[in-house]
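Before any comments, here is the structure.
No hydrogens, no waters, no symmetry mates; every other heavy atom, side chains included, goes into these values. Each chain gets a letter, A, B and so on, in the order its sequence line appears, and its residues count up from 1.
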There are 2 protein chains.
Amino acid sequence: MTIDGQSPTAAGPRETPTSATQTAYHALRRMILIGELAPGEKLKIDTLRKRLETGASPVREALSLLTSDQLVERLDQRGFRTPEISSANFTEILRLRCSLEDMALRDSIARSDQAWEEHLVLAHHRMTREPRDNIEMFENRHKEFHMALLANCTSPILLRFCNQLYDLNIRYRYLAGHALGYQKRDITAEHTAIMEAAIERNADLASDRLTRHYQQTGSFLAGLLDEQTG
Amino acid sequence: MTIDGQSPTAAGPRETPTSATQTAYHALRRMILIGELAPGEKLKIDTLRKRLETGASPVREALSLLTSDQLVERLDQRGFRTPEISSANFTEILRLRCSLEDMALRDSIARSDQAWEEHLVLAHHRMTREPRDNIEMFENRHKEFHMALLANCTSPILLRFCNQLYDLNIRYRYLAGHALGYQKRDITAEHTAIMEAAIERNADLASDRLTRHYQQTGSFLAGLLDEQTG
DNA sequence: AGCTTCTAAAAAACCGATATTTTCACCCCA
DNA sequence: TGGGGTGAAAATATCGGTTTTTTAGAAGCT
């Protein structure tokens, strides 16, 4: 929600929260992503105000800001709510992510430099080191790794879109909860393979691996979704 | 800013404005797009409040909402401002538009039906009929035509992105003002050709024509930009 | 019963005033 | 003469309460 030089993206890490609006923004964002505020839930100002121990103004403003990220929907004169989830929406996000991240990754690799490469390796290391039983921390590392892949892309707007789509997707991942661990795949190996292709500057291979990675996780999640909803 | 069934896009036409926030939102949006609020301009709450004859709260909220569309930037504790323009930013928008609208147009054509086709013809007719001396009205029709091309795309998020990019681009068009009319091209013919290819369900041809159309307008505008900025 | 109309409670939207932060011109001093 | 502190003015952020709108349920009509 704030502009700063490093992070032109919508949903990336921002500077340390100071204002009440900032605090509310981050808290609400987190609650929505991890599903503490359920999909389709009505977001009553007064309830949230008490829960976050702050005034109505910061809450309203934080909610308005969250519409930027499509994590909150605004209904004129009827307040706010979290977006509904659906199989169709999930598939849409998945497809778009594959297309846009493909673009971003190719650009990122084309402009790659040593600093980018080192940052990528670091992000990968941190992700693998993070114990998977702390889902929230692991998901943060996981996002950092995927964003590190794209980080050198020259289009801030595209990066912002990717970031946004990533977060929209995250809600579905949290919904699946520990079930994500039950996949019969070696996720770590997939991540490593993507990184290696990127470091070798092999854009075709990296993009192919990344896309497959998303689609496999995607079909696993879609399966769970269909189980749950019908 | 409001969710309604017809228009899932960020920047499309909404229902009739009723609340003070809605009114302020639309007014500010227009002022930014047509350049009445200059690029990089600081947006002081109190000034705008008086100008729009409304309270500070609706103004603040409208500005927060406009960050959704990337038409306003928020600086924590230091208020709001309109985004700066630049040659790099313009090029970035142009490239992304070509990529994303290509995707959307192909999808739209693939799912095309009679209603879509008729709506497209109508939009085209309205655009050609609109006198070009009223830039603002013409630009509205122009946008409607281009969005009509994409309207059948099944991805609301992608449409939202396209809509957003279109509006980001519009600021540059208004900046050029009447100069856009001085191009040595038959814009009307280009539009018609795009429409015809779309109606014939020739996605490759339509997309190619659309992309060229954007790039030609783009290089004309880029030329003007470079003239102005040095 | 099914459908509208009315009404009270709940919630959202809004305003005006206050508290907090930033800005900037000014001054001091090395 | 320029760097760094200082304080008043300006602007933002926030609060608490008021107005307006929506909602849901009860009553009345066909």
Between C:dG16 (P) and B:Glu53 (CD): distance, integer Å: 13 Å

Nucleotide D:dC15, atom C1' - distance to CZ of A:Arg60 in whole Å: 14 Å

Among C:dA13, D:dA13, D:dT14, the nucleotide that comes nearest once only the side chain of B:Gln77 is considered: D:dA13

Qualifying residue for salt bridge (charged side-chain N to carboxylate O under 4.0 Å, His left out) with B:Asp167, from B:Arg97, B:Arg30, B:Arg29: B:Arg29

Residue A:Thr21, side-chain heavy atoms: nucleotide from C:dA11, D:dT14, C:dA13 that is nearest: D:dT14

Per B:Ser19 side chain, nearest of listed nucleotides C:dA11, C:dC14, D:dA13: C:dC14

Under 3.5 Å side-chain donor-acceptor pair for A:Asn152 and A:Ser112: no

Side chain of B:Pro58 - closest among C:dA11, D:dT23, C:dC14: C:dC14

Donor-acceptor side-chain pairing of A:Ser155 and B:Glu92 below 3.5 angstrom: yes

Value in whole Å for how far the P atom of C:dA12 lies from CD of B:Gln22: 16 Å

Whole-Å gap separating P (C:dC14) and CD (A:Glu61): 14 Å

Options C:dA12, D:dT14, C:dA13, nucleotide nearest the side-chain atoms of A:Arg74: C:dA13

Length of the CD1-P vector between A:Ile45 and D:dG16, whole Å: 16 Å

Cation over ring face, B:Arg126 and B:Phe145, 6.0 Å, 45°: no

